[in-house]
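Before any comments, here is the structure.
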Amino acid sequence: MTVQELPGAASYRPTPPPAWKPRTDPAPLLPDPEPYRVLGTDAAADFAPAVLRRLYAELVRGRRYNTQATALTKQGRLAVYPSSTGQEACEVAAALVLEERDWLFPSYRDTLAAVARGLDPVEALTLLRGDWHTGYDPREHRIAPLSTPLATQLPHAVGLAHAARLKGDDVVALAMVGDGGTSEGDFHEALNFAAVWQAPVVFLVQNNGFAISVPLAKQTAAPSLAHKAVGYGMPGRLVDGNDAAAVHQVLSEAVARARRGGGPTLVEAVTYRVEAHTNADDATRYRGDAEVEAWRQHDPIKLLERDLTERGLLDEDGVREAAEQAEEMAARLRERMNADAELDPMDLFAHVYAEQTAQLREQAAQLRAELDAEAEGDHR
Ligand SMILES: Cc1ncc(C[n+]2csc(CCOP(=O)(O)OP(=O)(O)O)c2C)c(N)n1
């Protein structure tokens, strides 16, 4: 018996499952096959020279901040510093594309973004010096605490952005995370909620090649990190993370989209962590010099300087001026970081809970007693 001979076969029409209907077309959400670039291409001519010069000054200052902070770890003035050397284009552009009323959600790698947004350079290092929780008032510049637990800043960013939208506030949140952080559950939860709620949030993934010693290939089998966006129903953009103009443009577009109610964007910036993970890491154990050298040739400052010089937008005086301003900043930072901070150990218990737990009260009383006994001993 053939199918045509089955009873009722004449009325049989194949149909999709009853609840199925077409959802979002994935094509417009897909990232470009190659990272977007501006410097050295025709697109550079459309860029406002003032923005490029500002980016240049900030990159030079940012690089000097990184080298100075690393030097402070060697002098014992800073406990730890996760350097963003080589990633300055991402750090600076993330700060510059936001309005004052917006919020930045950085990770421990992003001290520089916080400083470029206006945070006091010493306050930005307070946590890494081990002196104080967070070290600054997040509300002052609308910069959430530098987050050490990977990706936990992302759901916070989504919550803030969604709440702002419900209240009718014109606020965008930009959240930064590393390539390793994209494997965390918090990354998934944040992106899923952001897309479902169409929250005004931009996720910037700095793909710097490594999560400490783990290379990206051992981290994910996704075609790119930007492709992950499609699964959540938001656009993914792939950009050369060392091309400051390209990062600035892609992030500006994502922020503008979020602001006009268009929802979230996931931006993957392809960059490289030129230094070790922190001063406590030895990167020579998991990568070779040739790889690092290739990235040094694709340095964000070199790329911008070459483009600006070739187009007559920067001369020797401009280069010297930027270097001098960066030196002044570094000298002030050194001076202030070399002064011993006045610390009250009792502050350990402050600002953790609105109402302290019984255990914390007990521990605080113990510490108070020890400090008092020590002070008495000093007087004897
Ligand atoms: C939830 C959590 N798990 C593990 C760690 C330990 N840890 C600190 S940094 C790091 C690597 C993160 O790499 P990536 O997200 O690529 O950021 P990068 O340091 O390269 O900027 C890990 C696993 C942590 N801080 N938080």
Side-chain angles (χ1 to χ4, degrees), residues 62 65-66 69-70 72-73 76-88 90-91 94-95 103-117 119-160 173-191 201 203-214 216 219 225 269 271 273 275-283 337 341 343 345 347-353 360:
Y65 185 85
N66 273 327
T70 299
L72 287 164
T73 63
R77 284 291 172 187
L78 195 54
V80 66
Y81 187 67
S83 173
S84 58
T85 294
Q87 300 178 223
E88 290 91 347
C90 296
E91 296 288 314
W103 273 82
L104 180 73
F105 286 78
S107 83
Y108 53 86
R109 179 83 51 209
D110 308 314
T111 322
L112 197 56
V115 172
R117 182 157 166 77
L119 183 63
D120 179 293
V122 171
E123 283 186 28
L125 295 174
T126 312
L127 174 80
L128 300 168
R129 207 180 185 186
D131 281 356
W132 185 236
H133 315 290
T134 301
Y136 54 88
D137 176 2
R139 286 181 192 82
E140 194 185 343
H141 295 286
R142 294 184 173 74
I143 304 171
L146 297 161
S147 172
T148 300
L150 300 179
T152 53
Q153 67 277 22
L154 306 182
H156 295 170
V158 176
L160 182 133
L174 189 153
M176 304 172 78
V177 67
D179 42 284
T182 64
S183 299
E184 289 287 338
D186 276 324
F187 176 84
H188 161 71
E189 283 139 24
L191 268 75
V201 57
F203 301 99
L204 170 59
V205 180
Q206 287 185 71
N207 171 6
N208 66 6
F210 295 91
I212 313 186
S213 57
V214 178
L216 188 70
Q219 189 71 240
L225 295 172
T271 181
R273 196 196 71 215
E275 302 288 339
H277 174 69
T278 66
N279 46 306
D281 171 45
D282 175 7
M337 291 293 287
L343 299 173
D347 279 348
L348 262 180
F349 299 95
H351 308 302
V352 178
Y353 292 100
L360 282 182

Side-chain donor-acceptor pairs under 3.5 Å in residues 144-156, sequence neighbours left out?
unit_1, atom_1, unit_2, atom_2, d
Ser147, OG, Pro149, O, 3.1
Ser147, OG, Thr152, OG1, 3.0
Ser147, OG, Gln153, OE1, 3.2
Thr152, OG1, Pro149, O, 2.8
Gln153, OE1, Ala151, N, 3.3
Gln153, NE2, Met176, O, 2.7

Give, for atom [atom1] of [X] and atom [atom2] of [Y], the distance between the pair rounded to the nearest 0.5 Å.
| X | Y | atom1 | atom2 | answer |
| --- | --- | --- | --- | --- |
| Asn208 | Asp179 | CG | CG | 5.0 Å |
| Leu119 | His141 | CG | NE2 | 5.5 Å |
| Ser213 | Asp281 | OG | CG | 7.5 Å |
| Leu174 | Trp103 | CG | CH2 | 13.5 Å |
| Leu225 | Phe187 | CG | CZ | 7.0 Å |

Query raised in the report: Do Asn279 and Val80 pass the side chain to side chain contact (heavy atoms under 4.5 Å, CB included) test, and can you show the C-alpha distance, the side-chain angles, and the key distance before you say yes or no?
Result: CA-CA 6 Å; Asn279 46 306; Val80 66; 3.6 Å; yes
Requested in this report: Using the side chain to side chain contact (heavy atoms under 4.5 Å, CB included) rule, take Asn207 and Thr182 through it: C-alpha gap first, then chi angles, then the decisive distance, then the call.
Outcome: CA-CA 10 Å; Asn207 171 6; Thr182 64; over 6 Å; no
Query raised in the report: Is there a donor in the side chain of Gln87 and an acceptor in the side chain of Thr271, or the other way round, less than 3.5 Å apart?
Result: no
Query raised in the report: Between the side chains of Asn66 and Glu88, is a donor N or O closer than 3.5 angstrom to an acceptor N or O?
Result: yes
Query raised in the report: Sub-3.5 Å donor-acceptor pair from the side chain of Arg129 to the main-chain atoms of Met337, do we have one?
Result: yes
**Report entry** Short side-chain to backbone donor-acceptor contact, Arg109 and Gly178, under 3.5 Å
**Finding:** no
Within the 4.5 Å heavy-atom criterion, are [X] and [Y] side-chain neighbours or not?
| X | Y | value |
| --- | --- | --- |
| Leu125 | Tyr65 | yes |
| Phe203 | Leu191 | yes |
| Pro82 | Leu128 | yes |
| Arg117 | Arg142 | yes |
| Glu91 | Asp110 | yes |

Query raised in the report: Between Phe105 and Leu160, is a side chain to side chain contact (heavy atoms under 4.5 Å, CB included) present by the stated rule, with each step listed?
Result: CA-CA 10 Å; Phe105 286 78; Leu160 182 133; 4.0 Å; yes
**Report entry** Test applied, side-chain contact (heavy atoms from CB on, under 4.5 Å); reference residue, Tyr81; option that passes from Leu72, Thr278, Thr111
**Finding:** Thr111
Return the minimal non-hydrogen interatomic distance between [X] and [Y], and the atom names on each side.
| X | Y | answer |
| --- | --- | --- |
| Thr70 | Ser83 | OG1-CB, 4.1 Å |
| Ala124 | Val115 | CB-CG2, 3.8 Å |
| Gln219 | Ser183 | OE1-OG, 2.5 Å |
| Val158 | Ala190 | CG2-O, 3.5 Å |
| Leu204 | Cys90 | CD2-O, 4.2 Å |

Query - Chi angles and distances behind the side chain to side chain contact (heavy atoms under 4.5 Å, CB included) call for Glu140, Asp120 - result: CA-CA 11 Å; Glu140 194 185 343; Asp120 179 293; over 6 Å; no
